[in-house]
Structure formats: C-alpha cells, structure tokens
Amino acid sequence: MTRHPSDAPTPPPGGADNGPAVSRADFDALFAAVRAWGRWSAADRGAWNRVTPERVRRATALVRSGTVIPMARPWDTSPGPDNGRPALHYMSDPGGPEPGEPAVHKDFIGADYHGKAISHLDALSHIAYRGQLYDGRPARECVDAAGARFGAVSALGALVTRGVLLDLPAVLGCRWLAPGQAVHAEGLTSAERALGVTLGEGDALLLRSGSLRRRREEGAWDPGTASAGLHVDAVPLLAERGIALLGGDGDSDVRPSPVDGLHSPVHALALAAMGVPLLDNLDLEALAVACAAEDRYAFLFMVAPLHIPGGTGSPVTPLAVL
C-alpha cells in the first residue's frame, strides 16, 4: 500500500500514549477475527439479539436503592472546539396573544448529532468498512439519501440489560485520562478486578475516562484531535465477553487513531464487524459518584432511541437504576 504522510498514525499531544501503531493489514486480520456476521436472523439488531427476556429479568433484580441516573449531556446549542455543528432549539410559538385558554408554548429542536457534543446512539448503518456494513451488507445498496434500509436505528428498539461501569480514573487514582491515552485489554481487566465486576454476555459496557470532568475544569478542546479511548487491541476481549453495547464519555476510540489510514477503528470493529451499537458523549460523572457510594459497578441499564425509520442513530438519554 502506498503510504502518504497524512495517513501515518500520529502521537497525541502532551505525552499521552495512543500506541502501539497498527498496520492496515493487522487491522484487517483483527476485523476478521472479531467478525460476527451471519450470527442472527434479525441481523440489523446485531448484538442486541444477545439480550433475551431472561437477561432482562436478571438485570431488573440488580435494583436495590432505586436511584435513577440519567446519562445525557445537556442539549448543546453553543459553538465550540468540540461542537462545530451546534444543536438547534428555538421557540416556534412563544405563547403570543391567542383567544381562549389555555395558552400554548411550542418549541423546535434539531441536531446533526453524530459529533462530539450530543449524547447519541450509533446504529449499525452508521459505519461501513471497505464498503460493507455489518453482516457483509453492501453500504451503497443499503444507505442513500433517503436513509438506511439495513441497520437503521428503528430496527433496534429499546435495550434493557445489565450495565457495567468501568471507571478508569478511579482505578488509576487520577482525575481523568489524558487526551490521547489508549486503554488496552489489560486496563479493562485490571479495572474489573479493582471494581469487583466482570463483563458478561449481553452487558452494556460504559467506559469513563473523565473527559467531561476535564472539560468542566479546564475548558473545551477538540476531541477529534485528541481523546482517551480504546486501542483496537482491547476489542477482542469485548468480543470474547459478548457485550451488547459499548459506550463512554467520549466516542470509544482513542484519538489520534493508532491504525494506519483509519480514523475510527473501534467504530469499524464494533459496528461493522461485531454488530455492537455505540453510545457516544455520555455524562458518566453522576453515575461514577453513585457507583462509588454504593460500592457496586453493575446496575439496570436502559436506553430507548427515537423511532426514526432509516435513521443511522438517535439522540438518547440512557438511564442507570441502582
């Protein structure tokens, strides 16, 4: 493969370690190793097929204190280095003079939500690798200007399962992971041991890097340039455990990408290879405090995306119930 300087993996700023670098050939071998094509008849639900009614029942048994924690960030209408396409919110009817009662107030919202500011779910149609969506479906035949005909968010429905928080700064004794810091498989297993929890089949895994705390204390930056997240060498562990969903306070990928010429390798592995939907840009700060207070890191987890036929994802407010 001809390699151009702009294609080469670059180190993150500030001395964080996003490596080791991975060639495209090695990435393709990893993609093939974790690929879960042909596994489910309801293919466009992907790994959500792992969540059976029995798993839902077991998840509901985790509720003890009844504490409910939403994990969505505020609807962000302010431009910034991490919000190049701000969400929209305006009053379409501010309640002007109208005859009769009651007075009515109406507003409009809209968002180009696949970015770094809005808490959202990525459906399987969001990512294609080498021209193919999950299950080997040709992207050009499945996604066009009218939307997605395979892997749309409307095919997913709601997810109710066991959620697991791996609070990496708490385990490492720091306020947050440095932007550009890669998390490897051994980092996940060390966090499991430290927090007394083990990932299992059908779980929703939430990874806290502390990025939102860093943003609140030090200001916004461009996470597309540098953000803590998973190295691709952590993904086989997640495939082995059989998770149903992956989410975090970033977008799961370490940035800069360690893979030659590929900007979102964890997205490609999760969505296109494994059929695992992603949750991006969550607020996990309150959940981290609550889990530490109750000394447990598994809980009832729920997320219900908007029913958008043909949609590649949806803004969401996931809930944890402890």
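Treat the numbers as computed from the prediction; the structure is a model and nothing was measured.
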Separation of Leu88 CG from Asp107 CG (nearest 0.5 Å): 12.0 Å
Please confirm whether the backbone N or O of Thr77 pairs with a side-chain atom of Asn83, one donor and one acceptor, at under 3.5 Å? no
Rounded to the nearest 0.5 Å, how far apart are CZ of Phe301 and CG of Leu287? 10.0 Å
Do Arg24 and Asp260 meet the salt-bridge criterion of a basic N to acidic O distance under 4.0 Å? no
Would you mind checking if Asp283 and Arg73 are paired as a salt bridge, meaning a charged N to carboxylate O distance below 4.0 Å? no
Between Arg137 and Asp44, is the closest basic N to carboxylate O distance under 4.0 Å? no
Less than 6.0 Å separating the ring centroids of Tyr129 and Phe27? yes
Let's go through Leu238 and Leu230 carefully: what are the C-alpha distance in whole Å and the side-chain angles of both, what is the deciding distance for side chain to side chain contact (heavy atoms under 4.5 Å, CB included) to 0.1 Å, and is it a yes or a no? CA-CA 11 Å; Leu238 305 183; Leu230 291 176; 3.9 Å; yes
Is there a side chain to side chain contact (heavy atoms under 4.5 Å, CB included) between Glu192 and Val164 once you walk through the steps? CA-CA 9 Å; Glu192 286 180 317; Val164 172; over 6 Å; no
Would you check if Leu245 and Leu159 make a side-chain contact, meaning some heavy-atom pair closer than 4.5 Å? yes
Give me the atom names and distance for the closest heavy-atom approach of Pro70 to Thr317. CB-CG2, 3.8 Å
Any donor-acceptor pair under 3.5 Å linking the side chain of Ser257 with the backbone of Val259? yes
Can you name the closest pair of heavy atoms from Leu306 and Val153 and give their distance? O-CG1, 3.9 Å
For the pair Leu271 and Asp122, evaluate side chain to side chain contact (heavy atoms under 4.5 Å, CB included) and give the outcome as yes or no after the intermediate values. CA-CA 8 Å; Leu271 291 165; Asp122 291 341; 4.0 Å; yes
Does Arg214 count as lying over the ring of Trp221, i.e. NZ or CZ under 6.0 Å from the six-ring centre, within 45 degrees of the axis? yes
Take Ser190 and Arg193 through the test side chain to side chain donor-acceptor pair (under 3.5 Å) and record every step on the way to the result. CA-CA 5 Å; Ser190 294; Arg193 290 191 296 270; 3.1 Å; yes
In terms of the angle between their ring planes, are Phe108 and Tyr90 parallel, tilted or perpendicular, with boundaries placed at 30° and 60°? parallel
Check whether Leu62 and Val321 end up in the same hydrophobic cluster, where Ile, Leu, Val, Met, Phe, Trp and Tyr are linked by side-chain heavy atoms less than 4.5 Å apart. no
Are Met71 and Ile118 linked, directly or through intermediate hydrophobic residues, by side-chain heavy-atom contacts shorter than 4.5 Å (ILVMFWY only)? no
Tell me whether Arg255 contacts the main-chain N or O of Asn18 through its side chain, where contact means a donor paired with an acceptor under 3.5 Å. no
Short side-chain to backbone donor-acceptor contact, Ser125 and Gly151, under 3.5 Å: yes
If we only count heavy atoms from C-beta on, is the Val232 to Phe31 side-chain gap below 4.5 Å? no
Joint hydrophobic cluster, Leu300 plus Val289, side-chain heavy atoms closer than 4.5 Å: no
Looking at every non-hydrogen atom in both residues, tell me the closest pair between His184 and Pro20 and how far apart they are. CE1-CD, 3.8 Å
Do Asn281 and His120 have side chains that get closer than 4.5 Å, going by heavy atoms? yes
Please report the interatomic distance OG(Ser314) to CG(Leu121), rounded to the nearest 0.5 Å. 7.0 Å
Do you know which two heavy atoms are closest between Arg208 and Ala288, and how far apart they sit? CD-CB, 3.7 Å
For the residue pair Trp176 and Ser209, establish whether any side-chain heavy-atom pair is separated by less than 4.5 Å. no
Could you tell me whether the side chain of Val183 reaches within less than 4.5 Å of the side chain of Leu188, counting heavy atoms only? yes
With side chains defined as the heavy atoms from C-beta onward, is the minimum distance between Ser252 and Leu207 less than 4.5 Å? no
Going from CD1 on Ile127 to OG on Ser264, what distance comes out if it is rounded to the nearest 0.5 angstrom? 6.0 Å
Give the C-alpha distance, both sets of side-chain angles, the deciding distance and a yes or no for side chain to side chain contact (heavy atoms under 4.5 Å, CB included) between Leu205 and Leu199. CA-CA 8 Å; Leu205 170 60; Leu199 284 170; 3.8 Å; yes
Between Arg296 (side chain only) and Val197 (backbone N and O only), is there a donor and an acceptor less than 3.5 Å apart? no
salt_bridge(Asp203, Arg241) N-O dist < 4.0 Å: no
Shared hydrophobic cluster for Tyr113 and Val143 (ILVMFWY, side-chain gaps under 4.5 Å): no
Closer than 3.5 angstrom, by distance alone: can the side chain of Asp249 be matched with the main-chain N or O of Gly210 as a donor-acceptor pair? yes
With no hydrogens and no angle check, is any side-chain donor or acceptor of Thr161 less than 3.5 Å from a backbone partner on Gly202? yes
Is a salt bridge present between Arg50 and Glu201, judged by a nitrogen-to-oxygen distance below 4.0 Å? yes
Heavy atoms only: give me the nearest Tyr134-Ala43 pair and the separation to one decimal. CE2-O, 3.3 Å
Single-linkage hydrophobic cluster Val34~Val254, side-chain heavy atoms < 4.5 angstrom: no
Could you check if a side-chain atom of Trp75 sits within less than 4.5 angstrom of a side-chain atom of Ile109, using non-hydrogen atoms only? yes
Could you tell me whether a side-chain N or O of Trp48 sits under 3.5 Å from a main-chain N or O of Pro277, the two making a donor and an acceptor? no
Other residues, nucleotides and ligands only: do more than 12 of their heavy atoms fall within 6.0 Å of NE2 on His114? yes
Atom pair CD/CG of Glu186 and Asp233 - distance to nearest 0.5 Å: 6.5 Å
Determine yes or no for a side-chain-to-main-chain donor-acceptor pair under 3.5 angstrom, with Glu285 supplying the side chain and Leu212 the backbone. no
Is there a donor-acceptor contact under 3.5 Å from the side chain of Asp251 to the main chain of Lys116? no
From Leu262 CG over to Asp253 CG, what is the distance, rounded to the nearest 0.5 angstrom? 8.0 Å
Can you tell whether the side chains of Glu217 and Arg175 come within less than 4.0 Å, N to carboxylate O? yes
Inspect the contact between Asp144 and Arg140 and indicate whether a charged nitrogen and a carboxylate oxygen are less than 4.0 angstrom apart. no
Which atoms form the tightest heavy-atom contact between Gly157 and Pro305, and what is the distance? O-CD, 3.3 Å
Measure the shortest side-chain to side-chain distance between Leu284 and Leu165 over non-hydrogen atoms and say whether it is less than 4.5 angstrom. yes
